[in-house]
Amino acid sequence: PQVNDMAELQSQFAADLPSSMQCVVVHGPGDYRLESRPVPEVGEGEVLVRVLAVGICAGDSKCFAGAPYFWGDEENDKYVEPPVIPGHEFIGEVVKLGKGAKEKYGLEIGDHAISENIIPCWECRYCKRGKYNMCIPHDIYGYHQVSQGAMATYMKYPKGAINHKVPRSIPAWKAAFIEPLACSIHAVELGRLEFEDTVVVSGCGPLGLGMVAAAKLKNPKLLIALDLYDWKLDIARKCGADVVFNPMNCNVVEEVKKLSEGYGCDVYIEATGSPVSVKQGLKMIAKQGRFVEYSVFGKETSVNWTVISDAKELTIQGGHCSPYCYPKAISMIEKDQLPLEDIITHKLNLKEVVRGLELVNSSKESIKVVLLPE
C-alpha cells in the first residue's frame, strides 16, 4: 500500500530498525575491532541514516598506523577519543528524522544524504566568521565521542551538522567519494589558479586525482601530475592532466622548468604527506608561487625557510576539510567529471577494514578503498 503520511512512513522505518548494529571500533593504534553497539537514538534536529558506503581516508590509515598527529606525543595533544567508530567519508539513506530535521535539511525518509566531515559548534570565533572548518572543538566524524563515524551499519548526523541531499542516481560507492572530492576542490580554490598558470599536483591518490579534475575545470595553461606509480599517472591523464611525470624515472624539477620557460610552476599542490614531495615542490616552484599543502604527515618535515622568504617570496597555504565545497563535489560526480571506476579500486566488506587500512597505507595496489556495510 502507498504511504502518503510522513509520520506513518517514519514509524514504518523505525519499526524495521534493529536494536543493535555492527561497527568498527578504534581502541588504539592498530587495534580496530568489529563489535556490536546499540543503534544511535536521534533527538531534535538530528538524522539517522543507514550507511550505504564509507571510504577509508589516508587520515584513517595514518591513525591506524599510530601517527603522532592523532595519538599525541611531546609536541601533539591526543586527538582521538577511543573507543570510537571511525569513518568520515560516507553516504547514508535517511531512516529517521528528529524533530525539525526535515524542515532544516529538506530531507525525507528514504533520501540519500551526506553530512560534511566536521560538525561545527557554531559558537567559536571561526564558526561565527564562517570559517567552520577551523572550529575549535573540531568534532570531525570518526575521532571524538560526540561525532561517531560511519564504519557501521547505522550512524547519526548530530544537531548542528551540515547535511546535503544527494541524488539517488549516484551509486553509493561513488557517493562515498563526495567528501574527498570536496577536500580536493577546497585545495584547488586555495591555490587561486589563473589561466596562465603552470600547475603541479604532487601525488595521484584520491585527493590528488580529485585536485587534477578540479584544477582542469579552472583551465590553467598547463596541468602537471606527479606520482611514483605509472598506473596512477594514467588515471591522472583521464582526470585532465596535460603532462605526467614519475620522479623515479626523471628529474621532475628540471622537466617542469623546461615546460615553463625556466621559471618553474606557479602553483604546487602537495597531496602526498611526504617530506620528499615538500622539498621537491620548493625547488620546483617559481618565485612568488603559491604552495598549497593538503595532507597529513606521519613525521616531521624540515626545509630551508630562506627559500620561502628571501629566495622566492612564496605564499604557503595550508588546507583543511572542505568548507562550502560539497555542492560542487556532488555536481561533479553526478556529471561524471572524473573516472571513479578507475579511482575506486577496492570495494570491501566492513569486516575487511584492517585489510582496507593496510591497502591504503601501502598505496601500491590501491587508490580509494570503499567499505560496504551489510
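Remember, predicted model here, so these are calculated numbers, not experimental data.
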Before accepting this row, confirm whether a basic side-chain N of the pair [X]/[Y] lies closer than 4.0 Å to the acidic partner's carboxylate O.
X      : Y      : answer
Glu194 : Lys218 : no
Lys368 : Glu89  : yes
Glu255 : Lys258 : yes
Glu352 : Arg355 : yes
Lys174 : Glu341 : yes

Working for side-chain hydrogen bond (donor to acceptor under 3.5 Å, both in side chains), residues Thr272 and Glu270: CA-CA 6 Å; Thr272 70; Glu270 204 294 302; 2.3 Å; yes
Is the backbone N or O of [Y] less than 3.5 Å from a side-chain atom of [X], with the two atoms forming a donor-acceptor pair by type?
X      : Y      : value
Arg290 : Thr315 : no
Ser20  : Ser36  : no
Gln148 : Met155 : no
Asp111 : Glu108 : yes
Asp197 : Val199 : no
Arg168 : Gly110 : yes
Ser184 : Leu207 : yes

Check which hydrophobic residues are tied to [X] through side-chain heavy-atom contacts below 4.5 Å, counting indirect links as well, and list them.
X      : result
Val146 : none
Leu226 : Val200, Leu222, Ile224, Val243, Phe245, Val252, Val253, Val256, Leu259, Tyr268, Val278, Leu282, Met284, Ile285, Phe291, Phe297, Val303, Trp305, Val307, Ile308, Leu314, Ile316
Leu233 : Val244

Any side-chain heavy-atom pair of [X] and [Y] under 4.5 Å:
X      : Y      : value
Ile56  : Val370 : no
Leu338 : Leu181 : yes
Pro206 : Phe177 : yes
Leu34  : Val353 : no
Cys63  : Tyr69  : no
Tyr229 : Ile367 : no
Gln337 : Lys335 : yes
Tyr32  : Pro82  : no

Check: Phe90 ring centroid to Tyr157 ring centroid under 6.0 Å: yes
If you look at every heavy atom in [X] and [Y], which pair is closest and at what distance?
X      : Y      : result
Ala214 : Val188 : CB-CG2, 3.9 Å
Val166 : Ala175 : CG1-CB, 4.4 Å
His186 : Ser322 : CB-CA, 4.0 Å
Cys204 : Ala225 : SG-CB, 3.8 Å
Thr153 : Met21  : OG1-CB, 2.9 Å
Cys239 : Val212 : CB-CG1, 3.8 Å

Approximate separation, where rounding is to 0.5 Å, of [X] [atom1] and [Y] [atom2]:
X      : Y      : atom1 : atom2 : value
Leu371 : His346 : CG    : NE2   : 11.5 Å
Ile119 : His88  : CD1   : NE2   : 12.5 Å
Lys156 : Lys96  : NZ    : NZ    : 11.0 Å

For [X], is the [atom1] atom crowded, meaning more than 12 foreign heavy atoms sit under 6.0 Å from it?
X      : atom1 : answer
Glu103 : CD    : yes
Asp77  : CG    : no
Asp310 : CG    : no
Glu365 : CD    : no
Tyr105 : OH    : yes
Lys104 : NZ    : yes
Lys312 : NZ    : yes

Ser277 and Ser202: side chain donor to acceptor below 3.5 Å: yes
Intermediate values then yes/no, side-chain contact (heavy atoms from CB on, under 4.5 Å), Glu179 and Cys183: CA-CA 6 Å; Glu179 191 275 349; Cys183 292; 3.4 Å; yes
Residue pair Lys102, Leu107: steps toward the side-chain contact (heavy atoms from CB on, under 4.5 Å) verdict: CA-CA 5 Å; Lys102 174 182 180 294; Leu107 293 174; 5.9 Å; no
Intermediate values then yes/no, side-chain contact (heavy atoms from CB on, under 4.5 Å), Val24 and Leu350: CA-CA 8 Å; Val24 176; Leu350 197 63; 4.0 Å; yes
Lys62 and its side chain to side chain contact (heavy atoms under 4.5 Å, CB included) partner, picked from Cys57, Pro68, Ser295: Ser295
Could you give the side-chain donor-acceptor pairs of residues 130-142 under 3.5 Å, partners two or more places apart or in another chain?
from: Tyr132; atom 1: OH; to: Glu116; atom 2: OE1; distance (Å): 2.8
from: Tyr132; atom 1: OH; to: Tyr324; atom 2: N; distance (Å): 2.9
from: Asn133; atom 1: ND2; to: His320; atom 2: O; distance (Å): 3.0
from: His138; atom 1: ND1; to: Cys135; atom 2: O; distance (Å): 2.9
from: His138; atom 1: NE2; to: His320; atom 2: NE2; distance (Å): 2.7
from: Asp139; atom 1: OD1; to: His144; atom 2: ND1; distance (Å): 2.7
from: Tyr141; atom 1: OH; to: Ser115; atom 2: OG; distance (Å): 2.7

All pairs passing salt bridge (Lys or Arg N to Asp or Glu O under 4.0 Å) where residues 231-249 contributes a residue, at least two apart: Lys216-Asp242, Lys238-Asp342
Within one Ile-Leu-Val-Met-Phe-Trp-Tyr cluster: Tyr294 and Phe70, side-chain cutoff 4.5 Å: no
Intermediate values then yes/no, side-chain hydrogen bond (donor to acceptor under 3.5 Å, both in side chains), Glu313 and Gln288: CA-CA 5 Å; Glu313 199 178 77; Gln288 295 191 327; 2.6 Å; yes
Name the atoms and distances for all side-chain donor-acceptor pairs under 3.5 Å in residues 42-54, with sequence neighbours left out.
from: Glu46; atom 1: OE1; to: Gly43; atom 2: N; distance (Å): 2.6
from: Arg50; atom 1: NE; to: Glu93; atom 2: OE1; distance (Å): 3.3
from: Arg50; atom 1: NH2; to: Glu93; atom 2: OE1; distance (Å): 2.8

NZ or CZ of Lys78 within 45° of Trp71 ring axis and under 6.0 Å: no
